[in-house]
Student: 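Sharing a structure here in structure tokens format.
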Amino acid sequence: IIMILVIFITLYPFVYLVAQSFSSDAAASAGKVTFYPIGFNVNTYKYILRDNQFFRYYGNTIFYTVVGTFISVACTALIAYPLSKPRLRLNKVITPLVVFTMYFAGGMIPNYIVITQWLGLQDSMWSIILPNAISTFNLLVMKSFFAGLPEELEEAAAIDGMNTYQIFLKIIIPLSKPIISVVAIFAITAAWSDFLLPYLVLNGTDKVTVMVKLFSFKDTPTDAVSVLRASFFAIIPPTILFTIFQKQITDGAATGAVKG
């Protein structure tokens, strides 16, 4: 019974969103929609499909997600690997500092000042990609996975003449595909659903993401329900991604937790 209740609580927002997206304006605004559409209506979807700019913003989001995920996974792996080696003296200092940032972040205002004034990245695609290059949580998960790999593999590779970079690329990375896939999925989800940062630093230019575009639907002639309906378009890619790679996500997260 508890499992059924948990499944219901998990799936109901998605079912509600789909039902809202195909309901009439009156039914949606009156709160009559629950599990199924009332007064079948696709006007919002027609409005979105007629908006030529919408798919341009969709393409922007895909670009930020793909490039940002690649940079995030690469940077996370490059930092997590040396941090997983207890023999390195600075790890005793750097690791607590990394953990500290997870609990005490600078906040949005300092980040905005750094991005726009210090780095001069206002209205730049890098203002979206670079601030999300490292996730402390992903870094610690990957660090725990690396720490659980047998040291004997690296020692044997070193005896065979491999240097540190070759060991990392040819031994560690191939063995770390499960955790890399998990970190990649987390990075994709974070990049795709990011709203506040693009909204603040891109200032309504043609570089904005689909999330920012969806927010603009609150001003459409239909009403604020259009935001809810249009958001159905935004959840399609993450939903497909999690459905396809569900097993890899579960196995990789479990492996990282056990090894940590």
Side-chain angles (χ1 to χ4, degrees), residues 62-106 111 114 119 125-126 128-194 237-238 240-260:
I62 293 174
F63 175 79
Y64 296 143
T65 301
V66 172
V67 177
T69 298
F70 177 80
I71 293 176
S72 178
V73 172
C75 292
T76 301
L78 289 172
I79 297 175
Y81 179 64
L83 289 180
S84 67
K85 305 303 176 184
R87 64 178 181 271
L88 300 181
R89 297 179 181 178
L90 290 180
N91 283 356
K92 296 181 180 179
V93 177
I94 297 177
T95 301
L97 291 177
V98 171
V99 176
F100 179 85
T101 62
M102 185 166 62
Y103 295 101
F104 303 97
N111 287 341
V114 170
L119 298 179
M125 66 175 185
W126 298 110
I128 307 300
I129 295 173
L130 294 181
N132 296 320
I134 296 293
S135 167
T136 304
F137 175 78
N138 293 344
L139 178 62
L140 295 177
V141 170
M142 189 170 285
K143 170 184 173 295
S144 298
F145 183 92
F146 287 156
L149 296 177
E151 287 284 345
E152 291 79 7
L153 292 175
E154 299 182 43
E155 294 174 357
I159 293 174
D160 289 339
M162 287 188 179
N163 56 37
T164 302
Y165 302 103
Q166 291 174 325
I167 293 174
F168 177 71
L169 294 174
K170 297 182 179 181
I171 304 296
I172 301 301
I173 293 300
L175 293 175
S176 304
K177 289 180 180 179
I179 200 65
I180 289 176
S181 64
V182 172
V183 171
I185 295 296
F186 289 160
I188 290 172
T189 305
W192 185 270
S193 61
D194 192 11
I240 295 175
L241 195 66
F242 273 94
T243 302
I244 295 176
F245 296 101
Q246 181 179 6
K247 184 177 185 302
Q248 288 83 348
I249 295 172
T250 304
D251 293 345
T255 303
V258 171
K259 287 182 179 296

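Worth saying up front: this structure is predicted, and the values here are computed from it rather than measured.
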Student: For the backbone of P82 and the side chain of N91, can you confirm whether one donor and one acceptor N or O come within less than 3.5 Å of each other?
Tutor: yes

Student: Considering non-hydrogen atoms only, spot the tightest contact between A133 and C75 and give its length.
Tutor: O-CB, 4.2 Å

Student: Can you tell me how far CG of D194 sits from OG1 of T189, rounded to the nearest 0.5 angstrom?
Tutor: 12.0 Å

Student: Can you name the side chain to side chain donor-acceptor pair (under 3.5 Å) partners of Y81, sequence neighbours left out?
Tutor: E154

Student: Does atom CG of L97 have more than 12 heavy-atom neighbours, drawn from other residues, nucleotides or ligands, at distances under 6.0 Å?
Tutor: yes

Student: Would a 4.5 Å heavy-atom cut-off, applied to side chains only, mark L149 and F146 as touching?
Tutor: yes

Student: Going by the side chain to side chain contact (heavy atoms under 4.5 Å, CB included) test, name the single residue among T76, I179, T95 that passes it with K143.
Tutor: T95

Student: Is the closest side-chain heavy-atom distance between L130 and L119 below 4.5 Å?
Tutor: no

Student: Do you know which two heavy atoms are closest between A157 and I171, and how far apart they sit?
Tutor: CB-CG1, 4.2 Å

Student: When rounded to the nearest 0.5 angstrom, what is the spacing between OG1 in T69 and CD1 in I129?
Tutor: 9.5 Å

Student: Distance check, rounded to the nearest 0.5 Å: M142 atom CE versus L83 atom CG?
Tutor: 12.0 Å

Student: With rounding to the nearest 0.5 angstrom, report the CG to CD1 distance, L88 to I94.
Tutor: 8.5 Å

Student: For T101, give me all partners under side chain to side chain donor-acceptor pair (under 3.5 Å), at least two apart in sequence or on another chain.
Tutor: T136

Student: Look up atom CG in N138 and atom CD1 in I180, then write down how far apart they are to the nearest 0.5 Å.
Tutor: 12.0 Å

Student: Does some side-chain heavy atom of V67 sit less than 4.5 Å from a side-chain heavy atom of M125?
Tutor: no

Student: Near K177 NZ, under 6.0 Å, is it more than 12 heavy atoms from other residues, nucleotides or ligands?
Tutor: no

